[in-house]
Structure formats: structure tokens, C-alpha cells
Amino acid sequence: MTSTSLLWFRRDLRLGDHPALAAAADHNHRVLGVFVADDVPLDASGSPRRAVLARTLAALAQAMDGRLLIAHGRPRSVLPRLARAVDADVVHVSADYGPYGRRRDEQVQRALQDAGVEWVATGSPYAVAPGRVRKSNGERYAVFTPFYRGWTDHGWRKPARSGSGVDWVDPGEVDGITAHDPQEYARTVPAGMSLPEVGEQAALDGWRTFRDEALDDYDGDRDRPDRPGTSHMSVYLKWGSIHPRTLLADLAGRRSTGAASYRRELAWREFYADSVFHLPESVWTSVDPVIDRMAWDSGQPAEERFEAWRAGRTGYPFIDAGMRQLLAEGWMHNRLRMATASFLIKDLHLPWQRGAEHFLEHLVDGDYASNNHGWQWVAGSGAQAAPFFRIFNPLTQGEKFDPSGDFVRRYIPELRDVPGRKVHRPWELDGGVPAGYPEPIVDHADERAEALRRWQQRG
DNA sequence: AGTCCGTTCGA
DNA sequence: CGAACGGAC
């Protein structure tokens, strides 16, 4: 009997002649796909992001009846050789533009055509391919608003008919797939985690629900993590389950402010991808190096604060709820992404890359361009970022955007019995901070002043 | 896509 | 005396 395999490799392995391929054949394993992970940290286990990617790709591989080679983030010159090694005649490559080379799609396509291999690309699709929107003199747009104008003027094709590509299958049907990576990373999900459904149908269902029930209120509700005000399309856009042109076409006939705001958010995603296309190094290095001249914390106490931040144990309920949402769902509301990022950078004085790395590790929608440039926006090191001195107050943010405290109580069981907005200030409760929940690890007013001091004294 | 502080304005 | 506003960081 033939069983199926989804093989996982580290990027430093030579795949073409890897013994796992031969072993799979020896054991009558049909190779569904080969996934080469190098756009996520490799040492973390139980990453929900990789789990969602794995399910998405497994569903795709299943739909392609095993004729599929999935090589994500791999140097493209080896793809034809890989395709022959696993007897695949269709190759799936991610179409996003990471730091591994611009214009690679064209090179890949040519190489695969030469090898007689059919090529399909899904993953991180854009209405306008990164690099295409240019000023009249051919230079890139470095500022969002002019980019937005140029992007709109550029225009884009109509979306492909839904279902015209790959028919996605229920991920439940591919449960028999086993991972051969010794660490089984990406296949293991922490118990109790709830991950989004994968595939095109789930994306379309989610979109229609958002469009019909929340889009008109998007302007007002998008900043409210206690309400279902956002689309949750990021994971489907990231992994190519839905195309932004599908969403844009649906928005085109709508005049509401919500529709306009949402279109603008899609444009931000394309702007950041365009930025990475032109400046691949900006994924991990500050666009404006002024931030690098500041003093940042390191050493044991700093590592302990970093760990408290990651675990959602800073003592600031709004921050902790966001960080725990990330751990529980592999997703965090955008308002919390900004607030928790500000806290790491400006209250804990740690470099933005530390936080970006943690987010990429856990976010099911984790994307180099959007995530890392989002971090640079908060840090004040982006091309068009918020100024460094724009510092979020973790308490004010909570009381303003989660006024009833419902969001905090949803993610912090220690505070579940504290009613109303008082939940944002557990240290002021009669009887003190509830058992099991930490005191604030830093004083925000002190650390805000400290951050501004370091900003003033930068070299 | 922020916060803080000092000042002014109106109840 | 609190809301509103402007400038500074």
C-alpha cells in the first residue's frame, strides 16, 4: 500500500540526492511535496505559522495528486533538479518577493521551462507586482501617499475566476501525511490552539462574512480588538489562498468609507512589498540607521524582560492579552501589534529585530515585508515611519480601544473575574493584583522618559 | 497609526 | 474644573 509523505528539509541540505527521497521511495511513500523552509526561523518548534503553511501546502499538494514539488524560499536554480528527483512535473513556488532575490520569478520560469517542467506560482500575490509601480522618472516611490496614487493609476487585471486554478481540499483529508523531519517542526501545534481554516473556500467564506457584516464599520471598528472588525484576510493573502484582485474587484463598486479604508490597507501591503523589492536588505536592517546609534539593552535582565514580553507577562493587561493572543492563535490584532511593538522597543529598550523575529515565528500571516516594515514603522527607522518619540501608552491604549476590558479578559484567565474597565489597572484593585498575574515589570512613565533620553543622546 | 503638558475656553 | 487645543518630544 502506498502512503503519502510531506517532506520537510532544512535549507542547508542538498536536496537533489537527499537520502530521505530514496527512503520515501523505498517505503512506497508517494511524495506529495517538498517544502524548504528558510523564511522562518528553523529552531522553533510548534509554530502555528508553519502549521498553517503546512496545511495549506499539503492541501495544494493533495489537490495536485502528488505531481507537485513545493520549494519555498529555495534558490531557484536547483528547482529543475529537484523536480526530477521527486518525479514531479508541477512545481509550486512562492511568488512573494523576499530577500532572496528580486526578479527571481522570471529566472525560475525560464529554468523550469527549459527543463520541461510546468510551473505554478501561488503565495503572496499582489494586485501590482512589486517593482512595477514607478515614478515617471523610473524611481521607486519612497512615500506611501504618492505610491498609493501611482498604484491606483497603474491599475490591475480582473481577478481570475474563483476555482479556475487549484481546487483546494479539506485539510482533514490529509491527516495521514507524516512529516519526515526529525524535529517535525511545523507539523506540531501546541494543544488547544485554534488555527484558521486553510484554502480558497475558507478565504472566500471569511471575506464575504467580513464584507457583509463589518466592512461598512471598518473605519470605526478596525482598531477595536474586542470587536470582529477586521477581515482576517492576511493569512490567505500571505499564502496565496486568495488574490488581492479578488478583494479589490469586490470593493470597486462600494462607496463606503470602510471600503476606501480597506483598499488603502491593501495598498500598504503592496507598498511594503515594493519597498522590499527595491531594498531587500531592509527586511532586517533599519532603513533609517539613526535608530542604530541609540543605546539598546542587553544582558540577563534584558533577556528576562524579553521573555516576559514574549510570554505575555509584563503586568500590563492590554500588552499581555495581545502577546497571548499571538501564542494562542498565531494571529494578533493590528492595534496590539503596534502597542506591543512600541512596548518592546520603547519600554523595554530592545531592538525592533528581536520583536520582528518573534512575530515571524508565530504569526500565521507572518510576512517579511509587512511584518518587518511594520516593526520599522513603530521603531521610527522606516523610510516613512512614525517618529521615534511617538510612544504608545500601554494603559491608555487599552482603555481607549478595549473600553469594557472584554479583550483582556478573553486572553488573560487570571483577570477573568475582574469586571469592567478596571481590568486594565489590576494594581489598583482592592486586594492587589490577582493571584498569578504579575506586577508591571517596568514603570511606563519612567521608561518613556528613558527612551526619550536615549533618543536625545543618540550619537 | 501617540502622548504629555501647559494654556485657554466655556459651563 | 473639565474639555479642547497647540506645541514639544
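Below, chain A is the first sequence line, B the second, and so on; all start at residue 1. Values below: all heavy atoms of this structure, side chains included; hydrogens, waters and symmetry mates excluded.
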_Does A:K346 qualify as a cation-pi partner of A:F392, given the criterion of NZ or CZ under 6.0 Å from the six-membered ring centre and within 45 degrees of its axis?_
no
Protein-nucleotides 5-9 of chain C N/O pairs under 3.5 Å:
unit_1, atom_1, unit_2, atom_2, d
C:dC9, O3', A:Q456, NE2, 3.4

Across all chains, not counting sequence neighbours, the ring pair (Phe, Tyr, Trp, His ring centres under 6.0 Å) partners of A:F407 are A:Y411
So the contacted stretch of DNA chain B, first to last nucleotide with an atom under 4.0 Å from a non-hydrogen atom of chain A, runs from B:dA1 to B:dC4
The salt bridge (Lys or Arg N to Asp or Glu O under 4.0 Å) partners of A:R224 (sequence neighbours excluded) come to A:D226
Residues passing the salt bridge (Lys or Arg N to Asp or Glu O under 4.0 Å) test with A:E447, sequence neighbours excluded, are none
Quick note, ring-ring contact (aromatic ring centres under 6.0 Å, His included) partners involving residues 207-229 of chain A, not counting sequence neighbours, are A:W207-A:F210, A:W207-A:Y262, A:F210-A:Y218, A:F210-A:Y262, A:Y218-A:Y262
For A:E304, the salt bridge (Lys or Arg N to Asp or Glu O under 4.0 Å) test, sequence neighbours excluded, returns none
Atom pairs and distances, donor-acceptor, side-chain atoms in residues 139-157 of chain A, under 3.5 Å, two or more places apart:
unit_1, atom_1, unit_2, atom_2, d
A:W151, NE1, A:E270, OE1, 2.9
A:T152, OG1, A:Y148, O, 2.8

The correct set of residues in residues 392-408 of chain A placing a heavy atom under 4.0 Å from DNA chain B is A:F392, A:N393, A:T396, A:Q397
By ring pair (Phe, Tyr, Trp, His ring centres under 6.0 Å), A:H232 pairs with (sequence neighbours left out) A:W331
Hits for ring pair (Phe, Tyr, Trp, His ring centres under 6.0 Å) against A:W352, two or more places apart or cross-chain, chain-then-number order -> none
So ring-ring contact (aromatic ring centres under 6.0 Å, His included) across residues 419-448 of chain A, not counting sequence neighbours, yields A:Y316-A:W427
